Amino acid sequence: MIKFSRFTLDNGLRVIVHTDKSTPLACINILYDVGARDEDPERTGFAHLFEHLMFGGSVNIPSYDEPLQRAGGENNAFTTNDLTNYYLTLPSANLETGFWLESDRMLSLAFSEKSLEVQRSVVIEEFKQRYLNQPYGDVWLLLRPLAYKVHPYLWCTIGKEIKHIEEAVIGDVKAFFKKHYTPSNAILVVAGNISENQVKELSEKWFGTIPPQPKPARILPAEPVQTEYRNMHVHRDVPSDALYMAFHMCSRRDPEYHTMDLISDLLSRGNSARLYNELVKNKKMFSEISAYLMGDLDKGMFVVSGKLLAGISFSNAEQAVFLEMDKLKEELILEKELQKVKNKMESTILFGEMSVPDIAMNIAFFELYEDADGINKEVGKYLAVTPEKIRLMARQVLKRENCSSLFYESQNKN
C-alpha cells in the first residue's frame with residue numbers, strides 16, 4: 001500500500017505528497033496533460049518540441065541544468081501521445097531548488113528565436129536519426145496512419161513529417177505553451193524524505209502565485225470501428241523481414257485493459273509464452289516475436305511484431321499468428337497458465353514501486369488516468385481476470401477485420 005496525501009492550490013494545480021523517510025532523496029515529478037494527440041494536424045511534433053524547449057531556460061533562470069547540478073540533482077523528461085512528464089531527483093535538503101526551477105519555467109519560459117532554432121535543429125536531427133536513418137525506424141510512421149484514420153494517434157510524438165518542425169514559428173510555440181502549460185493542466189507529485197507541511201509551504205510559495213487559467217478543452221475525433229482488414233507492404237534496407245499487426249482495443253482507463261494486458265503476456269512474455277513457444281521454438285518461423293499494448297488513454301492498439309526467418313512468407317507468418325490467437329478464442333485457458341502470468345505481472349508492479357522516482361511517476365500517471373489511489377488497486381484488477389474474460393476479449397479484439405498489418409520486407413535477400 002502506497003500512502004500519500006493531496007491538496008489543490010487555488011490556481012488548480014493538483015499536488016500529491018508521498019513521504020519516505022528511508023531515503024535521503026526527494027523527487028519532483030510534474031506531469032502536464034498534453035501530448036501529441038492535442039496538436040494541430042498541420043502542426044505536429046509540438047508537444048515533443050516543448051519537451052526540449054522546457055530545458056532551454058526560463059525568464060529568471062537562464063540555465064535549468066546548472067543550478068540543479070550544483071544542488072546534486074539530475075533530471076529528465078519524456079513525451080507520449082497522451083502526456084508530457086518532467087522529473088528531477090535531488091537531496092531532500094535541497095528540495096526548494098527543484099520547486100524554484102519547475103515553477104519558473106511554468107510561469108515564464110524563455111522564448112527566443114535562438115532557443116527555438118537550437119531545439120528545432122535538435123528535434124529534426126532526432127527525427128532523422130531515430131525514424132528515417134535507423135533500421136525499422138519508420139515503422140510507426142507507417143503503422144499508425146494505417147491503423148488510424150481520424151484520431152490523432154495516427155501520428156507519432158515526433159510528428160507527421162519534418163517540415164512541421166521546420167516551419168514552427170515563435171508565435172505558434174507561445175500559443176501552445178500558454179494553452180497547455182498551466183497549473184490546472186498539471187499534476188505535481190513530490191516524494192521522498194519530505195513532509196506534507198513542507199511541500200504545502202513550498203507549493204504555495206513557488207506555484208501559488210502563478211495565475212490560474214481554465215483547463216483546455218479536449219475534443220478529439222473518435223476513430224470509427226474498423227470493419228475491414230488492412231495491410232501495407234514496404235521494402236527497406238534492413239537485415240530481415242518483419243511483420244507488424246495492430247488491433248484496435250480499449251483505452252488504458254477501461255476495465256478490460258487488464259485482461260488485454262494479460263493476453264499480451266500469455267502470447268509473448270517469456271520463453272514459455274504461446275507465440276514464442278510455437279512460432280520461434282517449434283515451427284521456427286520467427287527469430288523473435290512479441291505482443292504488447294500501447295497503453296493509450298483513448299482507445300489504443302494491441303500490437304504483435306516479429307522478425308521472420310529466411311524463407312518464411314508474410315502470409316504464412318501472419319496466418320500462424322492468427323492461429324495462435326484463435327486458440328485463445330476457442331479454448332478456455334487453464335487457471336495454472338493464467339496464474340503464471342498474473343504472478344509475473346504482480347512482481348513487475350511491485351518491483352516498479354521500489355524507488356522514489358518510480359513511485360512519484362506512477363502516482364502522477366494514475367492521477368491522470370482517474371485517481372492516484374488506482375496505484376493501490378492495480379494488482380487486484382489483474383488478479384480478478386478470469387479465463388472467461390480472456391476468451392471474451394480475444395474474440396472481440398483479435399479478429400482479422402480489426403487488424404492492420406505492415407509487411408516490412410528486407411531488400412537484402414540473397
Side-chain angles (χ1 to χ4, degrees), residues 1-23 25-35 73 75 77-78 80 82-90 92-107 180-216 218 251-253 257 295 297 349-350 352-381:
M1 173 71 72
I2 294 176
K3 297 181 179 179
F4 57 85
S5 56
R6 63 197 306 161
F7 55 91
T8 303
L9 300 184
D10 290 343
N11 57 17
L13 178 66
R14 287 177 277 173
V15 185
I16 303 175
V17 185
H18 167 72
T19 300
D20 181 354
K21 295 296 185 180
S22 69
T23 176
L25 301 176
C27 177
I28 296 176
N29 190 102
I30 186 160
L31 183 154
Y32 289 93
D33 186 8
V34 56
N75 69 88
F78 59 87
T80 73
D82 295 314
L83 59 90
T84 309
N85 196 68
Y86 301 87
Y87 54 99
L88 63 87
T89 304
L90 75 178
S92 58
N94 297 331
L95 179 64
E96 188 162 9
T97 298
F99 272 83
W100 170 58
L101 288 167
E102 290 298 337
S103 65
D104 201 62
R105 63 180 181 177
M106 180 188 285
L107 172 67
H180 296 288
Y181 285 76
T182 64
S184 62
N185 209 39
I187 299 165
L188 173 64
V189 180
V190 187
N193 196 347
I194 43 86
S195 69
E196 181 181 0
N197 287 338
Q198 178 187 18
V199 173
K200 277 186 176 179
E201 290 175 7
L202 292 174
S203 297
E204 289 289 357
K205 177 180 178 179
W206 291 105
F207 286 95
T209 57
I210 298 176
Q213 288 191 50
K215 185 174 176 61
R218 178 178 284 125
S251 77
R252 179 62 179 81
R253 296 184 174 104
Y257 173 86
L297 289 180
I349 292 172
L350 295 178
E353 296 172 352
M354 293 185 70
S355 74
V356 167
D358 286 340
I359 290 174
M361 195 179 298
N362 287 333
I363 288 175
F365 291 162
F366 279 97
E367 180 69 12
L368 179 66
Y369 299 157
E370 187 173 11
D371 183 346
D373 195 45
I375 195 171
N376 294 315
K377 301 174 181 177
E378 191 75 344
V379 170
K381 291 179 179 179

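All values derive from a computational prediction rather than experimental measurement.
- Nearest heavy atoms, Ala77 versus Tyr86: CB-CD2, 3.4 Å.
- The heavy-atom pair separating Pro357 from Thr89 by the smallest distance is CG-OG1, 3.6 Å.
- Counting only heavy atoms from C-beta outward, the side chains of Ile30 and Met106 approach each other to under 4.5 Å.
- A side-chain donor-acceptor contact under 3.5 Å links Asn185 to the backbone of His180.
- Side-chain contact between Cys27 and Leu90 is absent, with no heavy-atom pair separated by less than 4.5 Å.
- With hydrogens and angles disregarded, no donor-acceptor distance shorter than 3.5 Å links the side chain of Asn193 to the backbone of Asp20.
- Distance check, rounded to the nearest 0.5 Å: CG of Leu88 to CG of Asn94 gives 11.0 Å.
- Rounding to the nearest 0.5 Å gives a distance of 14.0 Å between CG of Leu368 and CD1 of Ile363.
- Listed for the Thr84 side chain is no donor-acceptor partner under 3.5 Å among the backbone atoms of Tyr32.
- You'll find the side chain of Leu83 reaches within 4.5 Å of the side chain of Phe365, heavy atoms only.
- Among residues two or more places apart in sequence or in another chain, the salt bridge (Lys or Arg N to Asp or Glu O under 4.0 Å) test is passed with Glu201 by none.
- A salt bridge is absent between Lys377 and Asp371: the closest approach of a Lys/Arg side-chain nitrogen to an acidic carboxylate oxygen does not fall below 4.0 angstrom.
- Between Val189 and Asn362, every side-chain heavy-atom pair lies at or beyond the 4.5 Å cut-off.
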- Message: For a side-chain contact (heavy atoms from CB on, under 4.5 Å) check, start with the C-alpha distance between Ile375 and Ile2, then their side-chain angles and the critical distance, and finish with the verdict.
- Response: CA-CA 8 Å; Ile375 195 171; Ile2 294 176; 3.6 Å; yes
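- Using a 4.0 Å cut-off between charged nitrogen and carboxylate oxygen, Lys215 and Asp33 count as a salt-bridge pair.
- Side chains of Trp206 and Glu102: a donor-acceptor N/O pair is absent below 3.5 angstrom, by distance only.
- Rounded to the nearest 0.5 Å, atoms CG (Leu188) and OG1 (Thr8) are 11.0 Å apart.
- Panel note: side chain Ser184, backbone Gln213; a donor-acceptor pair is recorded below 3.5 Å.
- In this structure, the separation between CD on Glu370 and CZ on Arg252 is 11.0 Å, given to the nearest 0.5 Å.
- For the pair Arg253 and Tyr369, the cation-pi criterion (under 6.0 Å, within 45° of the ring axis) is not fulfilled.
- Rounding to the nearest 0.5 Å places CZ of Phe366 at 9.0 Å from CG of Asn376.
- Side-chain contact between Leu202 and Val190: absent, with no pair of heavy atoms (C-beta onward) separated by less than 4.5 Å.
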Please set out all donor-acceptor pairs under 3.5 angstrom arising from side-chain atoms of residues 10-19, sequence neighbours excluded.
| from | atom 1 | to | atom 2 | distance (Å) |
| --- | --- | --- | --- | --- |
| Asn11 | OD1 | Leu13 | N | 3.2 |
| Asn11 | ND2 | Phe207 | O | 2.8 |
| Asn11 | ND2 | Ile210 | O | 3.0 |
| Arg14 | NH1 | Glu367 | OE2 | 3.1 |
| His18 | ND1 | Lys3 | O | 2.7 |
| Thr19 | OG1 | Ile194 | O | 3.1 |

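- Counting only heavy atoms from C-beta outward, the side chains of Met361 and Asn85 approach each other to under 4.5 Å.
- Contact detail for Ile187 and Ala364: the closest heavy-atom pair is CD1-O, 3.9 Å.
- Shortest non-hydrogen contact noted between Ser203 and Phe99 is OG-CE2, 3.5 Å.
- Cation-pi geometry between Lys200 and Phe7 is met: under 6.0 angstrom from the ring centre, within 45 degrees of the axis.
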